[in-house]
Novice: 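Provided herewith is a single structure, encoded as structure tokens, for subsequent inquiry.
Quick caveat, the model's predicted, so the values are computed rather than measured. Each residue takes its place number in the sequence, starting with 1.
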Amino acid sequence: MPSQNNTGRQYDKQHSVTTVATAVLAAHRFIAYDGAYPTAAGGVKDVQGVSETSAEIGDALSVVTSYSYLVEVAEPIAFGALVKPNATGQAAVGTLAEHCGRALGAATQVGQLIEVQIYKHVHA
């Protein structure tokens, strides 16, 4: 799981917020402002950040909002690729029209953790 020019897992957590889970959440997943996954029922929502821990409904959890954090991938992702959340908040390959971050590492299989630079969520 190389990340940037450093082998192994790394991240540069600069800011985080505490949010209350409105759904059952896993660690290392993209989280929306309402405390659920960004692409859950009700349509696509903006990503606030990445969960540091798992949470049950009503639990408080820390969500990293800036600069980067480790995110679990839903598919292989190349270093430098734009990423977006899938239905369970995992990182999937994004596009210029739909993304919320950039891969600062590469993943070759589902479930790996990669460092993702967190961007303002774009929906074109």
Side-chain angles (χ1 to χ4, degrees):
M1 289 177 256
S3 183
Q4 244 168 347
N5 297 321
N6 184 359
T7 57
R9 299 178 190 158
Q10 72 176 27
Y11 57 90
D12 185 5
K13 173 186 157 184
Q14 292 183 358
H15 301 282
S16 65
V17 296
T18 301
T19 192
V20 175
T22 59
V24 176
L25 303 172
H28 304 288
R29 304 285 179 97
F30 290 115
I31 305 298
Y33 287 87
D34 66 357
Y37 293 127
T39 54
V44 177
K45 300 173 274 185
D46 286 343
V47 167
Q48 182 176 28
V50 179
S51 58
E52 286 195 80
T53 61
S54 59
E56 298 292 323
I57 295 172
D59 288 348
L61 74 149
S62 178
V63 175
V64 178
T65 59
S66 172
Y67 170 77
S68 68
Y69 201 66
L70 298 172
V71 181
E72 184 178 335
V73 302
E75 60 187 338
I77 295 177
F79 173 82
L82 292 170
V83 296
K84 66 179 182 179
N86 72 358
T88 58
Q90 293 173 301
V93 175
T95 65
L96 284 176
E98 177 69 33
H99 65 272
C100 64
R102 183 170 299 276
L104 297 179
T108 57
Q109 54 188 304
V110 175
Q112 287 182 312
L113 296 177
I114 61 168
E115 181 183 16
V116 171
Q117 184 174 355
I118 302 165
Y119 292 169
K120 179 180 181 214
H121 203 149
V122 173
H123 309 282

Novice: To the nearest 0.5 Å, what is the distance between CG on Leu113 and OH on Tyr69?
Specialist: 9.0 Å
Novice: Start with the C-alpha distance between Leu96 and Leu82, add both sets of side-chain angles, then the distance that settles side chain to side chain contact (heavy atoms under 4.5 Å, CB included), and finish with yes or no.
Specialist: CA-CA 8 Å; Leu96 284 176; Leu82 292 170; 3.8 Å; yes
Novice: Please report the closest heavy-atom contact between Ala78 and Ala103, naming both atoms and the distance.
Specialist: O-CB, 3.5 Å
Novice: Once ring-ring contact (aromatic ring centres under 6.0 Å, His included) is applied, do any residues pair with His123, and if so which ones, sequence neighbours excluded?
Specialist: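 With neighbours one apart ignored, the set is His121.
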Novice: Does the side chain of Thr65 come within less than 4.5 Å of Ile118's, by heavy atoms?
Specialist: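 Contact flag for Ile118/Thr65 side chains = no.
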Novice: When rounded to the nearest 0.5 angstrom, what is the spacing between OG1 in Thr19 and CD in Gln48?
Specialist: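 Answer rounded to 0.5 Å: 5.5 Å.
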Novice: Could you check if a side-chain atom of Val116 sits within less than 4.5 angstrom of a side-chain atom of Phe30, using non-hydrogen atoms only?
Specialist: yes
Novice: Quick check against the 3.5 Å criterion: does Thr39 have a side-chain atom that pairs as donor or acceptor with the backbone of Asn86?
Specialist: yes
Novice: Could you list all the salt bridge (Lys or Arg N to Asp or Glu O under 4.0 Å) pairs where at least one residue sits in residues 16-27, not counting sequence neighbours?
Specialist: none
Novice: Should the ring pair Tyr119 and His99 be called parallel, tilted or perpendicular, given that the plane angle runs from 0 to 90° and is split at 30 and 60?
Specialist: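 Correct class here is perpendicular.
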Novice: Output every pair passing salt bridge (Lys or Arg N to Asp or Glu O under 4.0 Å) with a member in residues 77-90, not counting sequence neighbours, ordered by first then second residue.
Specialist: none
Novice: Does the side chain of Val83 reach to within under 4.5 Å of the side chain of Ile77, using non-hydrogen atoms?
Specialist: yes
Novice: Taking Val122 as the starting point, is it possible to reach Val50 by hopping between hydrophobic residues whose side chains are less than 4.5 Å apart?
Specialist: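 No.
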Novice: Rounded to the nearest 0.5 Å, how far apart are OG of Ser66 and CD of Gln117?
Specialist: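 The OG atom of Ser66 sits 9.0 Å away from the CD atom of Gln117.
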Novice: Considering only residues two or more places apart or on different chains, which pairs with a residue in residues 97-106 satisfy salt bridge (Lys or Arg N to Asp or Glu O under 4.0 Å)?
Specialist: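 For residues 97-106: none.
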Novice: Quick check on the hydrophobic clustering: are Val71 and Tyr33 connected, directly or via other members, by side-chain heavy-atom contacts under 4.5 Å?
Specialist: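 As far as the 4.5 Å side-chain criterion goes, Tyr33 and Val71 are not connected within one cluster.
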Novice: Same cluster for Leu25 and Val20 if Ile/Leu/Val/Met/Phe/Trp/Tyr side chains link at under 4.5 Å?
Specialist: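 Each belongs to a different hydrophobic cluster.
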Novice: Checking Val110 now: which residues fulfil side-chain contact (heavy atoms from CB on, under 4.5 Å) with it, not counting sequence neighbours?
Specialist: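 If we apply the side-chain contact (heavy atoms from CB on, under 4.5 Å) test to Val110, skipping adjacent residues, there are no hits.
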Novice: Could you pull out the closest heavy-atom pair between Ser16 and Val64, with the gap in Å?
Specialist: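 For Ser16 versus Val64, the nearest heavy atoms are CB-CA, 3.9 Å.
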Novice: When rounded to the nearest 0.5 angstrom, what distance separates NE2 in His15 from OG in Ser62?
Specialist: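 The distance works out to 12.5 Å.
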Novice: For a side chain to side chain contact (heavy atoms under 4.5 Å, CB included) check, start with the C-alpha distance between Val63 and Leu61, then their side-chain angles and the critical distance, and finish with the verdict.
Specialist: CA-CA 6 Å; Val63 175; Leu61 74 149; 4.3 Å; yes
Novice: Provide the full list of salt bridge (Lys or Arg N to Asp or Glu O under 4.0 Å) pairs with a residue in residues 50-72, sequence neighbours left out, each pair given once.
Specialist: Lys13-Glu52, Arg29-Glu72
